[in-house]
Each structure stands twice: as structure tokens, then as C-alpha cells.
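Small disclaimer: the values here were computed from a predicted structure and weren't measured. Numbers here are sequence positions counted from 1.
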Amino acid sequence: METSSFIGSSIFLYIVAFIIVMAIFAYLTYRTSPKRKQRREDRRNQDNLK
């Protein structure tokens, strides 16, 4: 009985760690995407001016 509960808790810890990593990745992606979007708009505006 002890080994199965240990396996279950380790799987639970892996899932929690995966969710934390995904949350950090999503936060970093969200933080950098507005800058990238702004750069893309600036480039489009420069092309329209020519």
C-alpha cells in the first residue's frame, strides 16, 4: 500500500511541476508578445509610408 501511494503522490508532484512550468512559460510569452506585436506594427507603418 505504501508504494502505490508514493507513486500516486509522485505523479501528482510531476503534474503540479508541469503546471508551474507552463504558467511561467505562458507568462514570459505574454510579456514578450506585445513588444513583438509593436515591432511588427512599426515595420508595417514604415512600409506604408514608402
Taking ILVMFWY side chains as joined if any heavy atoms are under 4.5 angstrom apart, and letting links pass through other members, which residues group with Met22?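 Answer for Met22: Phe18.
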
Checking one residue: Tyr27. Which other hydrophobic residues are in its cluster under the side-chain 4.5 Å linking rule?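 Besides Tyr27, the cluster holds Phe12, Val16, Ile20, Ile24, Leu28.
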
Residues that Ile11 engages under side-chain contact (heavy atoms from CB on, under 4.5 Å), provided they are two or more places apart: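 Ile11: side-chain contact (heavy atoms from CB on, under 4.5 Å) contacts with Ile7, Ile15.
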
